[in-house]
**Student:** 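If you scroll down you'll find the structure; I have some questions about it.
Throughout, a chain's letter reflects where its sequence line sits, starting with A, and its residues are numbered from 1. All values derive from a computational prediction rather than experimental measurement.
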Amino acid sequence: MKALSQQRRHPLAAVALLLLGLLLTGGLYAAATSVNEAQASNVPDAYSASDVEEGERLFVANCATCHGINAVGSDAGPSLVGAGAAAVDFQVGTGRMPMQMSGPQAQEKPAQFNDEQTMQLAAYVASLGAGPSVPEDEYLDASEGDISRGGELFRINCAMCHNAAAAGGALTEGKFAPALAGVESKHIYEAMVTGPQNMPEFNDSNIPADDKRDIIAFLKNNESQGVPGGFALGSLGPVSEGLLIWTLGLVLLIGSMVWLTSRSS
Amino acid sequence: MSTQSLEPKYTEAQYSEVDQYQPATRTGRISNYVDQRVGGTGLVREFGRKVFPDHWTFMFGEVALYSFLITVVSGAFLTFWFDPSMASTQYDGSYAPMQGVEMSMAYATALELSFDVRGGLFMRQLHHWGALMFVMAMAVHMLRVFFTGAFRKPRELNWVVGCALLVAGLGAGFTGYSLPDEVLSGNGLRIIDGMLKAIPMVGTYISFFLFGGEFPGDEVIPRLYSLHIFVIPAVILILIAVHLFMVVVHKHTQYPGPGRTERNVVGYPIGPVYAAKAGGFLFVVFGVLALLAGLFQINALWNYGPYDPSPVQAGTQPDWYIGWFDGVLRLMPGYIGDIPLEFVLPTPWGGNSVALPVLIPMIPITVLLLGLFVWPFLEAWITGDKKEHHVLDRPRNAPGRTAFGMAMMVWYFVMWGAASSDLMATHFSLSLNDVIIWLRVLFFLGPILAFIITKRICLALQRKDREIVLHGNEAGVIEMLPHGEFREKHNRVNDYELFTLVAYESPEVTPARPNAKGKVSLLEKSRAGLNRVFFEDRVAPVSREEYLEALSHDHHESSAALPAAASAQLESSKH
Ligand code: HEM
């Protein structure tokens, strides 16, 4: 991965030199236009120059208020240079971005952009600097993964925040790790590589791509295997069990007690 | 040795009559055969004719008994497969996400029970739901006994036995919860280990002793297993026997009501009606538990993974009855301002660390548990009441006790609730830090508020009772008097209700008394102080004079305005 990005940086260096020349010779206006053109050439093969252009248009309209023109950041949002396509695909694809409400952490909501627009936004952000890219399909194929290894990795790396049954959990000051049921494989992978908000980043030296696939397989298996013991009560463990015995359990008991003793009094 | 000469109870003729008795039917012959050898008649005569008052709040003790029995039976089923060994193995059962994972035999066999033993998962769930219900039933039973004053003389010792049962129940639950050796139960043990090690000087030794070495070692599960399936259930059984024996000796208490006195018990004899109902109730409890076990998953241990001291998991909580231990630990700050509460005590051998954040939370727990045991004696000391009580208090008629009980309940609730602070935060979109801060405030203020509010509510209810006795219930009918005045009709309560409403004691404050030397000791002063807190606000029951006075008042009004119902009732109550 590192080697890859260095390779990618070589053409960028050349472009920068070229740019410098242009800046020196040309006027400011000319310089500004050539920035875009020049960076477009740095985009991963998957994205075309028109994707990037369209993405920039969307970005300026929807994101720049917080992330600043050219995504260099502002008081209201961090710089996205180097955030990578994966971050955008995750944040926009899960509906977290554009952020609507400031709060402890960006809230999930129905995604505002369709797949194509999301891809265009990702293309634009990717064009600004190298970062994690949207994962290849081969790493998302749950049927290829080893679920028991995935389970072990999940319990070691993720369960402290997300709960062993991936039911979610609280962090400090109103932040929380969400429940993971129903999250698309792609987004699980991207969450790991980009570490959204308070989640740590799990790069490939921490958890190699194959292991990420195992984790995805484990999570997907959790969803498809159903609940062995009946209703899962939110998979929250002893608290919801205690709540059930003190509500339903107690009500059933009292009901039958009142019934049994009703005739005499 | 002294020889006693006993007066023969029966004559020789009576004995031979019994010997020669020939039952007419086959069943009769069989039962006679058994009876002559076992002597069941005497037992039935002694226990079967005990009278039990019928009130639904008296049945929680039975729920505890039955859920314990169900837990024992389902637990016995589990022992056939469960292997409490910490030896390592590779799981090869049918639960795919665990295949090939290294784990202890204990965890592997608990998984086997869940996935590869027919009915095993149901039995595990039945056992666990049974355990939750057992402790809940004991707790509710205790609350009933507390708030109705059923622990007063002569039942103080049985209350103590009950408290011991509760503690044994907590022990049974905790040791069971720790058996399957997954991350959740291991975390529970880890906390116990931490608590032990926090005890200055000797803590580490105790921990090493219990775990057979450094935590977790490979001894603890087998040891807990002996405790869980043998020692603790045996203790519980013995305590239950003592408890029930004492219930029979003391006879049951009853709620106040007409015809119910300190000298009798109104209800059904155990046999046959009560026994049939009670037997039926066993099946009702079993039904409720089977319903829960069949429909609701409990302790999904396949999610947690084999125990390993490194990972912690979100949503790690103990079962509900251990929750308050966890809760106080969560409430306790590690720092006050910038001052750490943990420090090293210099000693000649290099220093011992004193973990106050772990030790201080043990204080409220000890206070509450010890307080539970000594309450009957404490209350008798405060009130100076040395009489026997077989008729229960309605909670409102003992405002001091009821308010104190509520205060302690709120205290317990705060600690208990703190154990789910993380879930309150996620499920009500709150900040975890705020939840903890609020609970800390409630920890101190909650009991005081609860005391004041409950006492006010009790006094208000007592006043309402007086009102009903003196003026009757509002009938919901507005009448117009001949001179145009409107007013609501009141129906007088019947004599039965009347009895219940006026027949209670309302002691007055007993001030501090000097002792034999004529001095008022400090102890006596504090007793008098507590006594004042208990009794200074009181609403006396309606006296006979007040009642007659109200009746005559009634008579004037009703003869003027309400000819029908009210005066007819008045007539009948006069005779
Ligand atoms: C005093 C009442 C008892 C209580 C409150 C109690 C409680 C518990 C609890 C909470 C568990 C954990 C269950 C789980 O992991 O799903 C457990 C496990 C177990 N209990 Fe009990 N128990 C009691 C009596 C007994 C008795 C009398 C026996 C045996 C004769 C027994 C045998 C077992 C066994 C073998 C396990 C481990 C099996 C498993 O985890 O699935 N229990 N017990």
**Student:** Side chain from CB out, backbone as N, CA, C, O: work out which of these in B:A425 comes under 4.5 Å of a heavy atom of chain A, or both, or neither.
**Tutor:** side chain

**Student:** Give the member of B:L432, B:N303, B:V183 that has the highest number of heavy-atom pairs under 4.5 Å with chain A.
**Tutor:** B:N303

**Student:** Just so I understand: if I count every heavy-atom pair under 4.5 Å between each of B:L121, B:V288, B:L295 and chain A, which residue has the most?
**Tutor:** B:L295

**Student:** What I'd like to find out is whether the side chain of A:W246 reaches to under 4.5 Å of the side chain of B:V140, using heavy atoms alone.
**Tutor:** yes

**Student:** Does any backbone or side-chain atom of A:L233 lie under 4.5 Å from a heavy atom of chain B? Answer side chain, backbone, both or neither.
**Tutor:** side chain

**Student:** Show the nearest heavy-atom pair for residues B:P97 and A:N221, with the distance to one decimal.
**Tutor:** CG-ND2, 3.2 Å

**Student:** Tell me if a side-chain donor or acceptor on B:Q125 pairs with a main-chain N or O of A:G229 at a distance below 3.5 Å.
**Tutor:** yes

**Student:** Do A:I254 and B:W56 pass the side chain to side chain contact (heavy atoms under 4.5 Å, CB included) test, and can you show the C-alpha distance, the side-chain angles, and the key distance before you say yes or no?
**Tutor:** CA-CA 7 Å; A:I254 292 182; B:W56 64 269; 3.8 Å; yes

**Student:** Under a 4.5 Å heavy-atom cut-off, does chain A meet the side chain of B:F58, its backbone, both or neither?
**Tutor:** neither

**Student:** Just so I understand: if I count every heavy-atom pair under 4.5 Å between each of B:I322, B:L423, B:N433 and chain A, which residue has the most?
**Tutor:** B:N433

**Student:** Looking at CG of B:D422 and CG of A:L171, how far apart are the two atoms once the value is rounded to the nearest 0.5 Å?
**Tutor:** 10.5 Å

**Student:** Less than 4.5 Å apart, side chain to side chain, heavy atoms only: is that true for B:F60 and A:L250?
**Tutor:** yes

**Student:** CD of B:E62 to CG of A:L260: how many Å apart, nearest 0.5 Å?
**Tutor:** 9.0 Å

**Student:** Answer whether the closest heavy-atom distance between the side chains of B:L184 and A:P238 falls below 4.5 Å.
**Tutor:** yes

**Student:** In terms of heavy-atom pairs under 4.5 Å, which option from A:L252, A:L243, A:L236, A:N222 contacts chain B the most?
**Tutor:** A:L236

**Student:** Would you say the side chain of A:R155 lies within less than 4.5 Å of the side chain of B:D308, judging by non-hydrogen atoms?
**Tutor:** no

**Student:** What heavy-atom pair brings A:L253 and B:M136 nearest, and what distance separates the two atoms?
**Tutor:** CD1-CE, 4.0 Å

**Student:** Can you tell me how far apart CG (A:L244) and CD1 (B:I298) are? Round to the nearest 0.5 Å.
**Tutor:** 8.5 Å

**Student:** Once rounded to the nearest 0.5 Å, what's the spacing between atom CG of A:N163 and atom OG1 of B:T426?
**Tutor:** 10.0 Å

**Student:** So, taking the atom named CD1 in A:I245 and the one named CG in B:L289, what distance separates them when rounded to the nearest 0.5 Å?
**Tutor:** 6.5 Å

**Student:** Select, from A:G249, A:P228, A:G242, A:A232, the one with the greatest count of heavy-atom pairs under 4.5 Å involving chain B.
**Tutor:** A:P228

**Student:** Could you check whether any side-chain heavy atom of B:F296 comes within less than 4.5 Å of a side-chain heavy atom of A:L248, counting everything from C-beta outward?
**Tutor:** yes

**Student:** Under the 3.5 angstrom rule, does the side chain of A:S148 hit a backbone N or O of B:V101 as a donor-acceptor pair?
**Tutor:** no

**Student:** To the nearest 0.5 Å, what is the distance between CG on A:D146 and CD on B:Q99?
**Tutor:** 9.5 Å

**Student:** What are the two closest heavy atoms between B:A314 and A:G169, and how far apart are they?
**Tutor:** CB-CA, 4.0 Å

**Student:** Would you check if the side chain of A:E241 reaches a backbone N or O of B:N299 as a donor-acceptor pair within less than 3.5 Å?
**Tutor:** yes

**Student:** Can you tell me if A:D115 has over 12 outside heavy atoms packed within less than 6.0 Å of its CG?
**Tutor:** no

